[in-house]
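One structure is given here, and the rest of the page talks about it.
Just the heavy atoms: all of them, side chains too, but no hydrogens, waters or symmetry mates, feed the values below. Source: prediction; values computed, not measured.
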There are 2 protein chains.
Amino acid sequence: MSPNPEWVKKLVVASPQGSELLATERASSNLDVDQLAEYLFGKNELETRERVLKVLTADPVFDKSQNYFQGREARIEASLAKAKRLRQLQVEHNWSQDEYLVANDLLSEPTPYGLHASMFLKTLRDQGTPEQHKLFLERAEQYKIIGCYAQTELGHGSNVRGLETTATWNQSDKTFVLHSPHLTSSKWWIGSLGKVANHAVVMAQLVIDGKRFGPHPFVVQIRDLKTHEPLENVHVGDIGPKFGYNTMDNGFLLLNQVKVPHVNMLARFSRVDPQSGRYQRPSNPSAVYGTLTWVRSNIVLQSGSVLARGVTIATRYCAVRRQFQDLDAKGNVGENQVINYTMVQYRLLPLLAATFALHFTGRSMINMYEEAQKRMAAGQDAGQLSDANRRPGPEEINPGTDLLADLHATSCALKAYGSTVAGEGLEVCRRACGGHGYSSFSGIGTWFADYLPTLTWEGDNYMLTQQVCRYLLKTARAVLAGTAGDNDTSRSFKAFLARRDTGAAFDILTSDKDLVDAFAWRVAYLTFEALQHRDADKQSWNSLLVDFHRLSTAHAQYMVVKSFYDALAAESAPGSLDRQTTGVLHKLFRLFALHTLEREASEFFSSSATTVRQIQLSRKAVMKLLEEVRPHAVRLADSWSFPDWQLDSSLGRYDGNVYEDLFHRASELNPLNKVVFDPYPDNNIILKKDNRTKSKL
Amino acid sequence: MSPNPEWVKKLVVASPQGSELLATERASSNLDVDQLAEYLFGKNELETRERVLKVLTADPVFDKSQNYFQGREARIEASLAKAKRLRQLQVEHNWSQDEYLVANDLLSEPTPYGLHASMFLKTLRDQGTPEQHKLFLERAEQYKIIGCYAQTELGHGSNVRGLETTATWNQSDKTFVLHSPHLTSSKWWIGSLGKVANHAVVMAQLVIDGKRFGPHPFVVQIRDLKTHEPLENVHVGDIGPKFGYNTMDNGFLLLNQVKVPHVNMLARFSRVDPQSGRYQRPSNPSAVYGTLTWVRSNIVLQSGSVLARGVTIATRYCAVRRQFQDLDAKGNVGENQVINYTMVQYRLLPLLAATFALHFTGRSMINMYEEAQKRMAAGQDAGQLSDANRRPGPEEINPGTDLLADLHATSCALKAYGSTVAGEGLEVCRRACGGHGYSSFSGIGTWFADYLPTLTWEGDNYMLTQQVCRYLLKTARAVLAGTAGDNDTSRSFKAFLARRDTGAAFDILTSDKDLVDAFAWRVAYLTFEALQHRDADKQSWNSLLVDFHRLSTAHAQYMVVKSFYDALAAESAPGSLDRQTTGVLHKLFRLFALHTLEREASEFFSSSATTVRQIQLSRKAVMKLLEEVRPHAVRLADSWSFPDWQLDSSLGRYDGNVYEDLFHRASELNPLNKVVFDPYPDNNIILKKDNRTKSKL
């Protein structure tokens, strides 16, 4: 749009300026932001971010100024252009996979290449034979073919075993026939399939001589490599607009008796012998399902920074926004910063604490995963990793001692909890910004909407809790039977049984360790209560689902509190932090733990982990901690080191020039202000495209 | 798009069909849907809906098929076209205001006429003199001028007293000069201002001889009535895209020394005497602030049906969607309807109960408001209605006896609670639909996003709780001083004080009345605890905000439980319902009350309203009630009587043909499937517009 009129350009924000307020905030805390940032991410990652950011911001393809204004078609076209440019830059600058991912993070929007670059390549790599790597993976890595991973169907998401698509082995010509028997068997929600993929890894029920062998992966070409038109007997397209994620071409796919050669069934683990036509069982079934555990572990790792984006924006804006005088203030002291109100602190600061809690939890989750991978590579514990979305068989997971079973349950519990805290926390942040939080320019809404699927995919957050409880019940049974190995869960169960009758009496208000133990005690109590219901009272599985959800959440909260505690206790880590910073992190640890305990109060004293009095005192303690953390809030947010370009938020600007930016975007960037509407009901011409208006408005 | 290929057209949904499943659901309950619908809305309203619906669906202007696909510009243009047509139809069919509102409800999207038809007309009517009615109101009612209500500013939302815009009285030529001194004084978020309004009621600080008299309403013309260009020294436009509500042109407005005649200050209550230039105090200040109470009462009334839309969609879809076998099922019994899982019931059915609870509460809220209006018209209790968003003075509200103070507090508490339950409940409904809930075609996402501002505007839901507590504390003081009149609140406070030391011992599990009393007891306990903190311990107001929010929520929950109880107890009402229906409603009452009690457990026994054991038993009772309500779920949803056209949801279709509709919208209506993208990174031409593809895809 044309610039504002002269008299408008002269207008300034009523003092104090946002920049002054944030400067004061930063001056009032001596927390070392750079030191903390380095502790969180390491020097290398921070440097990589800066280097990659320079490249992106210098490139017009990545201009964000119209993102919030564009409709879906424009958005997805722009997003594909960005994805292509990102790939070109990866080649140009010879970026590692990590650097490529950093670039994607900074871009902060799903692109149509998303599933090609992740699940398609990963599946070919993990489940393909060397021959198949040569045939598919190499071309895919060079983007000569673009692919996706087609598992979910219109009628089946969670229940993979219920997939309807069939792949029937044809001994005569040694081919598989891929077929969609019903409308509900249409592949659905498949990222990168809607517009860009010309190949798909299709999960289909393997059928040999009329016998079913369960879902297996098949590589299927779906579009012409030149014209990019769908091939014969292939019906493929984009599934339409969504609540968010609209820069991704989630697609549908129907196959009508489509023939593929024997080599197109990914055969690293299970295969059909082309000569005999006999099915050969997985050599190592565990790895088949390892992928989802890997995906979940990454969701846990990301949940902290996902939430931190919203917290950064809300914290900065609540320090800039002033509303009302303090009711007890004497005389005209001017309006109070919103962040000074305890009701705002109570909503925002525990989430600030949660960002760090989840970050440290994610780190330990990833370490645990890598450890498990080593052991699996060493051939141990085969067959333990299972897909949380399959209908689970009772014998699936071994008790206690098994690191992989532990990993599986942990990844399920933490994925469900972490993504829920992050997703719901973002909406709390948005509302804490008042009316302006609702503007797209707040930068929270789109981010929230794009993140929400994470609560449903890779194991619905409610579904997953059943897996967790199955593991906890098995561990409890093993502990009672004396067959349990020595891992954290069985240890805390034994400790609970030992003191069950004498009671707990944790000193949660002065001892950090007791605070952690109180969370462990609650988990043990709920587990043995559930075990009683299931094994002794013979209650149906279905009748216990609500209890199971509570139990799984309790287990996740325990693990998060413990991870935060361990991170601060660990010798190595905080060594790099000065006492001041460690002190603030310690307050955040207690704030997160006590605030969680207070919110789950009833379970803590019905399990007699705490007394009612202790709950009331923890409420007081929480209010005290809010007061102590508040002066460091802005600097703590700063330590997450989000560049303004990534946040793309008027409210979250580092410099605090919130209102100037809101006004600029609305008055000068908003295309709707280039046109004039006729307002009268009887005039049906509603739009006057008028050149004068361009210069006028 | 062109039709699907022949082989696709032949595909059907894997049996059982959704239609069969919903038919079975409806057959398995003998709840009389028509009878209940009539009880909820009355014969007249239901008939009006049907009549108006026929008119709308017959008119091409109201076609919804592209709503979910259009970008913002297309959406708002279409929405203005609908608004205009709606106005034309109102004249054609000589619709009453109620019929016009029914039409708007059925349309179910905010339109650019929204604020003209509500706040602009209402403000002119309520606050204008007969002379001003002639001058402004009449033309506005005939849509010869289009207006809006401009109060909120870029820098001031909640705190109306902090508004920066000034209106300075000029004795010499008897005019007011409207001026925006800072960028932050720009009017912001003003509905209907961005594109369509040519007049605005501007709330500005009245200044006479340098003395300020607080915010007052001024009628200001902002755009030319012919060219619709902004007038000189007026900078006006649309504020840009939002999380939702994008069919509304929320706008900004800056005024540079704009002169308006004396008659443009709405002067029914306060005025400037043109001769002396002296300010004349409001004759009846109460009415000045009555508008917001009226708005809040309507929000309470609507919250039930707002939530019911999401519940209807989720309930129907969860009855159609099948996933996994029951884990304890023997043999292959096929997949289980999602609604049979207790974890789904636990999320959905209490919300189903809440829709009715909020509906009955809204009814009694409106009755209370109308009663208060009568008394105010009779000149009683003047000066009691106050704007919850003003910084409240301590003396503002009188204790106990005052119906208007009661009304004010009730409207604040219920607006905050009702809109929060509805808004957050919609997201629970969306997630209960699994992956497909995320598709725009679920019909929940847009509805949720459009509703969210309700939690912030007309008194932020957190802010409002302070008003409620101020009233409760005053009432408590009056009760202690023996000066309290006889209203429900003071009665329950007296009852609490009488039994405070002997204890409560409510029989919540068998007596409905005791259940209601337990909620009242909790409110009284929290009130006198807060009073202790404020009056005896002299704690700062700010330090008590979190407690106040808890207290206000407790008060609202009590009123909702009581309203539901009264609605069923009332002789008249359920007389029109058979025992079966009344019985089901009674289960919903207990489900809502006990589920709420269970979730707020810690407050119920820290106030010793219940024992820990009773809480555990209420959990069991809730699970039992879920089982008993479940067979009636679909029919209960049906009784809300939403036509498919209004829901515009694939998942919520009355006939259960969910998957057919999802597929149709994605494959045949989705414009993105008319174009072909080039997928390769090195080819920068990303879009091929190709005619063949139109016929091909």
Trace of the side-chain hydrogen bond (donor to acceptor under 3.5 Å, both in side chains) decision for Glu335(B) with His156(A):
CA-CA 11 Å; Glu335(B) 291 188 294; His156(A) 284 92; 2.6 Å; yes

Heavy-atom distances under 4.5 Å only: say whether [X] touches chain B with side chain, backbone, both or neither.
{"X": "Ser180(A)", "answer": "backbone"}
{"X": "Pro181(A)", "answer": "backbone"}
{"X": "Ser440(A)", "answer": "both"}
{"X": "Arg322(A)", "answer": "backbone"}
{"X": "Arg85(A)", "answer": "neither"}
{"X": "Met343(A)", "answer": "both"}
{"X": "Leu254(A)", "answer": "both"}
{"X": "His436(A)", "answer": "both"}
{"X": "Ser186(A)", "answer": "side chain"}
{"X": "Glu598(A)", "answer": "side chain"}
{"X": "Phe548(A)", "answer": "neither"}
{"X": "Asn246(A)", "answer": "neither"}
{"X": "Phe604(A)", "answer": "neither"}
{"X": "Asn250(A)", "answer": "neither"}

So do the side chains of Trp188(A) and Phe663(B) get within less than 4.5 Å of each other, counting heavy atoms only?
yes

Side chain proximity check, Ile444(B) to Cys433(B), heavy atoms < 4.5 angstrom:
yes

For Glu164(A), check salt bridge (Lys or Arg N to Asp or Glu O under 4.0 Å) against everything at least two apart and list the hits.
none

Does Arg87(B) have any salt bridge (Lys or Arg N to Asp or Glu O under 4.0 Å) partners at least two apart in sequence or in another chain, and if so, which?
none

Pair Asn683(A), Asp678(A): side-chain N/O donor-acceptor within cut-off below 3.5 Å
yes

State whether a side-chain donor-acceptor pair under 3.5 Å links Asn4(A) with His235(B).
yes

Aromatic contact between Phe252(A) and Trp189(A), with the criterion being ring centroids under 6.0 Å apart: yes or no?
no

Name the member of Glu660(A), Arg619(A), Gln70(A) that forms the most heavy-atom pairs with chain B at distances under 4.5 Å.
Arg619(A)

Top of Asp682(A), Leu154(A), Val13(A), Val344(A) for chain B proximity - count of heavy-atom pairs under 4.5 angstrom:
Leu154(A)

Stepwise, does the side-chain contact (heavy atoms from CB on, under 4.5 Å) test hold for Met623(B) with Tyr346(B)?
CA-CA 8 Å; Met623(B) 299 308 289; Tyr346(B) 188 79; 4.3 Å; yes

Angle between ring planes, Tyr462(A) versus His549(A), binned at 30° and 60°: parallel, tilted or perpendicular?
parallel

Heavy-atom distance under 4.5 Å to chain A: side chain of Ser192(B), backbone, both or neither?
neither

Okay, Leu455(B) and chain A: the region with an atom under 4.5 Å from a heavy atom over there is side chain

Heavy-atom pairs under 4.5 Å with chain A: which of [options] has the most?
{"options": "Arg430(B), Gln616(B), Glu627(B), Gln345(B)", "result": "Arg430(B)"}
{"options": "Thr342(B), Val196(B), Val12(B), Leu545(B)", "result": "Thr342(B)"}
{"options": "Ser606(B), Gly240(B), Pro453(B)", "result": "Pro453(B)"}

Please check: side-chain N/O of Ser439(B) versus main-chain N/O of Phe441(B), any donor-acceptor pairing under 3.5 Å?
yes

